[in-house]
Protein chains: 2
Amino acid sequence: MYNNVMTAILHEHQKIETEHLLADLLVAANRLTRVAASATGDSTSPAIWRTLSVLDNHGPMRLGELATETRISQPTATKIVQNLNELEWIKRIQDPHDARVRTLAVAPKGAQALKDWKQRLGHALTPLFGDLSTAEWGHVKATVDLIRQRVRMSEQGETTIGDRSERGE
Amino acid sequence: MYNNVMTAILHEHQKIETEHLLADLLVAANRLTRVAASATGDSTSPAIWRTLSVLDNHGPMRLGELATETRISQPTATKIVQNLNELEWIKRIQDPHDARVRTLAVAPKGAQALKDWKQRLGHALTPLFGDLSTAEWGHVKATVDLIRQRVRMSEQGETTIGDRSERGE
DNA sequence: AGCGATACATAGCTCAGCTATGTATAATAA
DNA sequence: TTATTATACATAGCTGAGCTATGTATCGCT
């Protein structure tokens, strides 16, 4: 039965149109973000959750590291981190060897907030996604894993702009 | 061989943890958006592409319709539409029966811009996604289709805030 | 001791999101 | 027909995320 689903994909879409698929994925996900925002009434920005998630998955990291990892400029990272700090969702740790460095770590409050948000979001979208089959959840999970993996890959590959040092000034 | 992939999902993850999966999807997609933005150097905002895509898929629609469909407030829709209009990517058509209504449609220039963007994005992410198997593309495509379908479903379901008329004022 | 490089902060801009409110037109009731 | 209410969109004005340019403090090295 599950194999039928697979066969359907392989036969009906033997040639999947991948040309626009990634763009369509981003647009669809963006729309889903809006649906989620209105369904949960969440006023906290996606950037906050993104940053907190990265910090949570990756463990303690420097501000600059966080900026390049999440592909935002260093000043933008500074601002988001300030917001997270005011919420007491992260803590800034002074590096004992380098006074310039602020190492960032998720605070217990932040870990809880993240967990709660994911759960709230899941529940809010249950009316829409509650009836998904195991196979369909499998597609979603595979996609999430894929994206995560490739985003991690991208850390080395592409051009990074933002710090003077990296533009050779 | 492709069946092995499927079997792997079904056996190794017989019980997929769906609790946080949707949140993880949104976060991952958000990160991918950042990767794409930095890879393409695209200065045009995701909101512009989202709005243009919706208009392109749906066909001509009113501003208010666009706002509820994309789950943004009417004033936000007005602003985005103004930006799209300045780019000449959409056209505003006067409704002959109701002078208040501005019907919006994608202009040829906009359709081209959207197509070009999707292609640029696809190419820019080829280093990351070029090696995906047919099965993996299948997962992505299935996920995109799922999201689209459920987002469309959400039009009726959830609470809509934004217009005075809908808050009973 | 001094000087370039580095890590982060600040200033100041644009755009996307919001609520509250204004304005013009339609629809309806007096 | 005219006045009232409802509707469709625009405007005002705020916050936060994104950016570039630049400032400040510290490190590393000569």
Side-chain angles (χ1 to χ4, degrees), chain A residues 30-31 33-38 40-52 61-68 70-87 92-104 160-169, chain B residues 30-31 33-38 40-52 61-68 70-87 92-104 160-169:
Chain A
N30 190 317
R31 294 199 62 188
T33 301
R34 295 300 315 149
V35 170
S38 68
T40 60
D42 188 15
S43 64
T44 308
S45 72
I48 289 285
W49 297 123
R50 182 193 63 215
T51 308
L52 194 60
M61 57 199 304
R62 299 167 161 218
L63 191 132
E65 238 184 308
L66 183 65
T68 48
T70 59
R71 296 287 188 159
I72 60 180
S73 69
Q74 171 262 308
T76 299
T78 297
K79 268 208 268 186
I80 293 175
V81 160
Q82 281 171 349
N83 294 341
L84 281 167
N85 203 47
E86 280 165 23
L87 289 165
R92 296 164 144 167
I93 304 157
Q94 267 293 9
D95 188 313
H97 302 303
D98 190 336
R100 294 169 301 177
V101 174
R102 264 94 235 266
T103 302
L104 311 167
T160 315
I161 326 173
D163 244 13
R164 264 166 299 190
S165 46
E166 297 167 45
R167 287 205 308 280
E169 287 182 21
Chain B
N30 191 317
R31 293 199 63 188
T33 301
R34 295 301 315 150
V35 170
S38 67
T40 59
D42 188 16
S43 64
T44 308
S45 73
I48 289 286
W49 299 123
R50 181 193 64 215
T51 308
L52 194 59
M61 58 200 303
R62 299 167 159 216
L63 191 132
E65 237 183 309
L66 183 65
T68 50
T70 60
R71 294 289 189 160
I72 60 178
S73 69
Q74 171 262 307
T76 298
T78 298
K79 267 206 268 186
I80 293 175
V81 160
Q82 282 171 350
N83 295 340
L84 281 167
N85 203 46
E86 280 164 23
L87 290 166
R92 295 163 145 167
I93 304 158
Q94 267 292 10
D95 188 314
H97 302 304
D98 189 336
R100 294 169 302 178
V101 174
R102 264 96 235 267
T103 302
L104 310 168
T160 315
I161 326 174
D163 246 13
R164 265 166 298 192
S165 46
E166 297 166 46
R167 288 204 307 279
E169 287 180 20

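Order of the sequence lines fixes the chain letters, A, B, ..., with proteins taken first and strands second; residue numbering starts at 1 for each chain.
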Would you kindly compare A/Leu63 and A/Asn30 by the position of their nearest DNA chain C nucleotide and give the one closer to the 5′ end? A/Leu63

Look up atom NZ in A/Lys79 and atom CG in A/Leu84, then write down how far apart they are to the nearest 0.5 Å. 13.5 Å

Hits for side-chain contact (heavy atoms from CB on, under 4.5 Å) against B/Arg92, two or more places apart or cross-chain, chain-then-number order -> B/Val81, B/Gln82, B/Asn85, B/Arg102, B/Leu104

For residues A/Ile80 and A/Ile72, determine if any side-chain heavy atom of one lies less than 4.5 Å from a side-chain heavy atom of the other. yes

Please state how far atom CZ in A/Arg102 lies from atom P in D/dT24, giving the value in whole angstrom units. 16 Å

Can you tell me the distance, in whole Å, between the CD1 atom of A/Ile93 and the C1' atom of C/dC8? 16 Å

Could you tell me if the side chain of A/Arg31 sits less than 4.5 Å from the side chain of B/Arg71, heavy atoms only? no

Sub-4.5 Å side-chain heavy-atom contact between A/Arg34 and A/Asn30: yes

Can you list the residues that meet the side-chain contact (heavy atoms from CB on, under 4.5 Å) rule with A/Ile93, with sequence neighbours excluded? A/Thr103, A/Ala105

Whole-Å distance between D/dG16 P and A/Asp42 CG? 14 Å

In whole angstroms, the gap separating C1' of D/dG16 from CH2 of A/Trp49 amounts to 15 Å

What N/O pairs connect the protein and nucleotides 26-28 of chain C at under 3.5 Å? Give each pair on its own line.
from, atom 1, to, atom 2, distance (Å)
C/dA26, OP1, B/Ala99, N, 3.1
C/dA26, O4', B/Arg100, NH2, 3.3

Does OP1 or OP2 of C/dC18 have a side-chain N or O of B/Ser73 closer than 4.0 Å? yes

Please determine, for the side chain of B/Val101, which listed nucleotide (C/dG17, D/dC9, D/dA10) has the closest atom? D/dC9

Taking only side-chain nitrogens and oxygens of B/Arg62, does any of them come within less than 4.0 Å of OP1 or OP2 of D/dA8? yes

Non-neighbouring partners of A/Thr40 that pass side-chain contact (heavy atoms from CB on, under 4.5 Å), sequence neighbours left out: A/Asp42, A/Ala124

Listed partners of A/Thr78 passing side-chain hydrogen bond (donor to acceptor under 3.5 Å, both in side chains), at least two apart: A/Gln74

Position toward the 5' end of DNA chain C (nearest nucleotide), A/Arg92 or A/Arg34: A/Arg92

When rounded to the nearest 0.5 angstrom, what distance separates OG1 in B/Thr70 from CE in B/Met61? 7.5 Å

Identify all pairs in which a protein N or O lies below 3.5 Å from an N or O of nucleotides 10-16 of chain C, and state each distance.
from, atom 1, to, atom 2, distance (Å)
C/dT10, OP2, A/Gln82, NE2, 3.2
C/dA16, OP1, B/Ser45, OG, 2.7
C/dA16, OP2, B/Asn83, ND2, 2.6

